[in-house]
Amino acid sequence: GNSINFLKVIHSSSGGQNNFANQNPNTILGIDTLILFAWNNTNGHVYPKYITMYPGYIFSVQRRDTLSFDSFTVVGGCGDYAEIRSTITDQEAFVKPSQNNIINDLIVQDLHNVTSFELRVSNGIDLGNNIGWDFMENTGRELYWVNDGGDWVDSTHWSLSSGGPG
């Protein structure tokens with residue numbers, strides 16, 4: 001079949017959401033690197049090689065579609081999550097990784113892994129109807145308040161060591 005290939009696609013939006021669709025079943029839309037700074041929906045034959053998400057955003061895979069990828073990463077942490085799910089609750093979409101992935105800080109719902117490659121989620125949340133994902137037990141950690149007064153939610157006031165950097 002035909003294909004259209006992109007080296008890098010960056011989805012960002014100051015509000016609302018982005019829709020990324022390929023509705024021609026005879027054409028493959030290939031993306032080397034997909035970086036998500038916004039709520040995103042995919043539809044059709046979209047195949048990013050590397051997916052990078054940022055916390056606070058949702059990546060929705062069209063119900064019954066398959067999202068193929070090599071690597072999936074969430075940039076952030078400290079209890080901030082990105083989310084990937086089917087576009088319709090309780091109706092599955094599929095993921096097809098080409099290698100094992102360990103993904104941090106991810107919420108997953110209604111996604112079935114159709115390969116034997118491992119999708120391990122550390123510090124994540126399983127919202128249900130997921131097959132082929134391994135949600136590792138979240139482990140607590142000890143944090144220390146640093147840098148005097150400030151906002152409780154400001155990460156610059158928390159450190160992994162007493163007197164350490166925030």
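Residue numbers start at 1 and run along the sequence shown. FYI, side chains are in, hydrogens and waters are out, and symmetry mates aren't considered; it's all heavy atoms of this structure.
Under the 30°/60° scheme for interplanar angles, the aromatic rings of Trp158 and Trp145 are found to stand perpendicular.
A heavy-atom distance below 4.5 Å is found between the side chains of Ser71 and Gln99. Side-chain contact between Ile84 and Val108 is present, with heavy atoms from C-beta onward closer than 4.5 Å. Counting heavy atoms from C-beta outward, Val95 and Val114 have side chains that stay 4.5 Å or more apart. Side chains of Asp105 and Asp80 form no contact here, defined as non-hydrogen atoms less than 4.5 Å apart.
With values rounded to the nearest 0.5 angstrom, Asp65 atom CG is found 9.5 Å from Phe94 atom CZ. Asp70 CG to Phe117 CZ: the interatomic distance, rounded to the nearest 0.5 Å, is 9.5 Å. Atoms CZ and CG, from Arg120 and Asn100 in turn, are 9.0 Å apart once rounded to the nearest 0.5 Å. Of the inter-residue distances, the one linking Lys96 atom NZ with Thr115 atom OG1 reads 8.5 Å to the nearest 0.5 angstrom. The line from OG of Ser86 to CD of Gln91 is 7.0 Å long, rounded to the nearest 0.5 Å.
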Does the pair Phe59 and Met53 meet the rule for a side chain to side chain contact (heavy atoms under 4.5 Å, CB included), with working shown? CA-CA 8 Å; Phe59 187 7; Met53 285 191 73; 3.7 Å; yes
After noting the C-alpha distance and the side-chain angles of Glu92 and Arg64, does the key distance pass the salt bridge (charged side-chain N to carboxylate O under 4.0 Å, His left out) rule? CA-CA 6 Å; Glu92 70 277 351; Arg64 309 278 316 149; 2.3 Å; yes
Run Thr73 and Tyr54 through side chain to side chain contact (heavy atoms under 4.5 Å, CB included) and show every step you take. CA-CA 9 Å; Thr73 305; Tyr54 285 79; over 6 Å; no
Could you walk me through whether Ile102 and Val121 satisfy the side chain to side chain contact (heavy atoms under 4.5 Å, CB included) test, starting with their C-alpha distance in whole Å, then the side-chain angles of each, then the deciding distance to 0.1 Å, before giving a yes or no? CA-CA 6 Å; Ile102 297 176; Val121 179; over 6 Å; no
CA sep, side-chain torsions, deciding dist, call: Asn129, His112, side chain to side chain contact (heavy atoms under 4.5 Å, CB included): CA-CA 8 Å; Asn129 192 23; His112 296 190; 3.2 Å; yes
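Considering every non-hydrogen atom in both Asn113 and Gly132, the closest pair reads ND2-O, 3.2 Å. What you find for Arg63 and Ala93 is that their closest heavy atoms are CA-CB, 4.5 Å. Summarising the geometry of His157 relative to Asp151, their closest heavy-atom pair is CD2-O, 4.0 Å, with the distance given to 0.1 Å. Listed here is the closest heavy atom pair of Val146 and Ser159: CG1-CB, 3.8 Å. When every heavy atom of Tyr81 is checked against every heavy atom of Asn123, the shortest pair comes out as CE2-O, 3.0 Å. Of all non-hydrogen atoms in Ser60 and Thr87, the two that sit nearest each other are CB-CG2, 3.7 Å.
Cluster annotation: Tyr57 is connected to Val75 through the hydrophobic network of ILVMFWY side chains, with a link wherever side-chain heavy atoms come within less than 4.5 Å.
For Phe69 and Phe72, the distance between ring centers is under 6.0 angstrom.
With Leu119 as reference, Asn101 is the one residue of Asn130, Leu111, Asn101 to meet the side-chain contact (heavy atoms from CB on, under 4.5 Å) rule.
Residues Glu142 and Tyr144 bring a donor and an acceptor atom of their side chains to less than 3.5 Å of each other.
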